[in-house]
Amino acid sequence: MCIKRYITKYLFVIYGNFKKMGCLFWIPIFIICVFLPLVNLRDCISPNVYSKYFIDSRNMYLIPVGVVVWIFLTLKPYVSENGRELLYVYTKSKLAEVLIETVLYNIMVLIPFIILYARVLDDPILIYIKYLICSFMFASITYLVIFLFNSVNICIMFVFGVYIIELLSYLGNLSFPTFFNMSLSNYYNYFTGLVVMMIITVVSVIVGKHFNNYYISYE
């Protein structure tokens, strides 16, 4: 009974979060379910030897960071608006909301992945796991930074700064380690990248929850 009440409570909270986002709620949905499928459609319909690499690269540019939109819009009122302490009355820690929204995001990612990409990509399960863990990493970093610095602007600059460095390093073939370049042709690099992302995610969640709780007590 307690579990049912807990689930109902957070589903209600998540629904409220999405509703308050307005039209911005649809940005990740448009990217995942409309934009990327259209961009990848030709490689899915008439695949060639390079199609799987193009599809994976395009997806890695946008899928992991897309979840940041929901997480950022959910957490923004708790650090940037007047009377924000009243928002903590119904739920205290925001961690559960961040995790649930990230799970929902990755379920959405799974839909076009199954319909379009799975039959073209090699080892589609491992590739989806890469998207899954990378999106959790970006979500957890957003959660950490926004409560660590108690600033929306710093959060935007930091998270997208990491994303841009990763993207430029990958496109420019630089020596900076990039999660975008986790190719299945080298399983050691692939699984090493997964482990590193999981460590970053766990540390970000633990530290972020500490500052989230500290911020609640401060308020």
Side-chain angles (χ1 to χ4, degrees), residues 24-73 98-143 156 159-174 176-201 204:
L24 297 178
F25 164 76
W26 298 99
I27 292 177
I29 297 176
F30 174 79
I31 292 172
I32 301 303
C33 298
V34 179
F35 179 74
L36 280 176
L38 287 176
V39 171
N40 291 321
L41 187 60
R42 181 177 178 181
D43 286 308
C44 292
I45 295 176
S46 304
N48 56 54
V49 67
Y50 300 108
S51 294
K52 57 187 177 183
Y53 302 110
F54 293 149
I55 292 172
D56 187 30
S57 296
R58 294 176 193 130
N59 289 345
M60 278 301 289
Y61 295 157
L62 293 176
I63 287 178
V65 77
V67 71
V68 172
V69 176
W70 281 356
I71 305 305
F72 172 77
L73 291 174
V98 170
L99 295 178
I100 293 172
E101 289 180 11
T102 308
V103 169
L104 294 175
Y105 176 82
N106 281 283
I107 292 174
M108 177 182 67
V109 170
L110 193 58
I111 297 172
F113 192 88
I114 292 175
I115 296 173
L116 289 175
Y117 312 139
R119 65 186 184 87
V120 179
L121 298 172
D122 294 334
D123 297 313
I125 295 177
L126 293 180
I127 291 177
Y128 178 74
I129 291 173
K130 176 175 68 172
Y131 300 158
L132 176 74
I133 296 178
C134 200
S135 63
F136 268 98
M137 181 185 72
F138 273 99
S140 65
I141 290 174
T142 305
Y143 174 68
I156 294 174
V159 174
F160 283 95
V162 171
Y163 171 76
I164 290 171
I165 290 174
E166 284 281 320
L167 183 59
L168 293 178
S169 299
Y170 175 66
L171 295 177
N173 196 25
L174 304 179
F176 186 85
T178 172
F179 298 115
F180 292 174
N181 199 23
M182 290 168 54
S183 172
L184 290 175
S185 61
N186 188 325
Y187 283 102
Y188 175 78
N189 288 342
Y190 172 80
F191 285 107
T192 300
L194 288 186
V195 170
V196 171
M197 285 195 295
M198 286 189 286
I199 292 174
I200 293 174
T201 301
S204 297

Between Asp43 and Arg58, does at least one N-O distance fall below 4.0 Å, as a salt bridge requires?
-> yes
Out of Ile45, Asp56, Asn59, Val120, which one pairs with Asn40 under the side-chain contact (heavy atoms from CB on, under 4.5 Å) rule?
-> Asn59
Specify the closest pair of heavy atoms between Cys44 and Pro47, including all atoms of both residues, with the distance to one decimal.
-> O-CD, 3.7 Å
Pairwise distance CG(Leu99) to CG(Leu104) - rounded to 0.5 angstrom = 11.0 Å
Quick one: does Trp70's side chain have a donor or acceptor within less than 3.5 Å of a partner on Thr102's backbone?
-> no
So do the side chains of Phe113 and Leu121 get within less than 4.5 Å of each other, counting heavy atoms only?
-> yes
Ring pair (Phe, Tyr, Trp, His ring centres under 6.0 Å) involving Phe35 - partner list, sequence neighbours excluded | none
Is a side-chain donor or acceptor of Asp123 paired with a backbone partner of Leu126 at a separation under 3.5 angstrom?
-> no
Compare all side-chain heavy atoms of Ser204 with those of Tyr143 and state whether any distance is below 4.5 angstrom.
-> no
Identify the two heavy atoms, one from Pro124 and one from Ala118, that lie closest to each other, and give their separation to 0.1 Å.
-> CG-O, 3.7 Å
Could you give the distance from CD1 (Ile71) to CD1 (Ile141), rounded to the nearest 0.5 Å?
-> 12.5 Å
Evaluate side chain to side chain contact (heavy atoms under 4.5 Å, CB included) for Tyr105 paired with Ile32, printing each intermediate quantity in order.
-> CA-CA 9 Å; Tyr105 176 82; Ile32 301 303; 3.4 Å; yes
Indicate yes or no: at least one non-hydrogen side-chain atom of Val103 is less than 4.5 angstrom from one of Ile100.
-> no
Flag, side chain of Tyr128 to backbone of Ile114, donor-acceptor distance under 3.5 Å = no
Would you check, one step at a time, whether the test side chain to side chain contact (heavy atoms under 4.5 Å, CB included) holds for Val67 with Glu101?
-> CA-CA 8 Å; Val67 71; Glu101 289 180 11; 5.9 Å; no
Ignoring hydrogens and angles, write down the donor-acceptor pairs under 3.5 Å from the side chains of residues 132-140, residues two or more places apart or on other chains.
residue: Ser135; atom: OG; partner: Asn106; partner atom: OD1; Å: 3.0
residue: Ser135; atom: OG; partner: Asn106; partner atom: ND2; Å: 3.0
residue: Ser135; atom: OG; partner: Tyr131; partner atom: O; Å: 3.2
residue: Ser135; atom: OG; partner: Leu132; partner atom: O; Å: 2.7
residue: Ser140; atom: OG; partner: Phe136; partner atom: O; Å: 3.1
residue: Ser140; atom: OG; partner: Met137; partner atom: O; Å: 2.8

Note, Ile127 side chain near Tyr117 side chain (heavy atom, < 4.5 Å) | no
Kindly write out the residues that satisfy side-chain hydrogen bond (donor to acceptor under 3.5 Å, both in side chains) with Thr201, not counting sequence neighbours, or none if the list is empty.
-> none
Taking all atoms of both residues into account, what is the closest heavy-atom pair of Cys33 and Met108, and its distance?
-> SG-CG, 3.7 Å
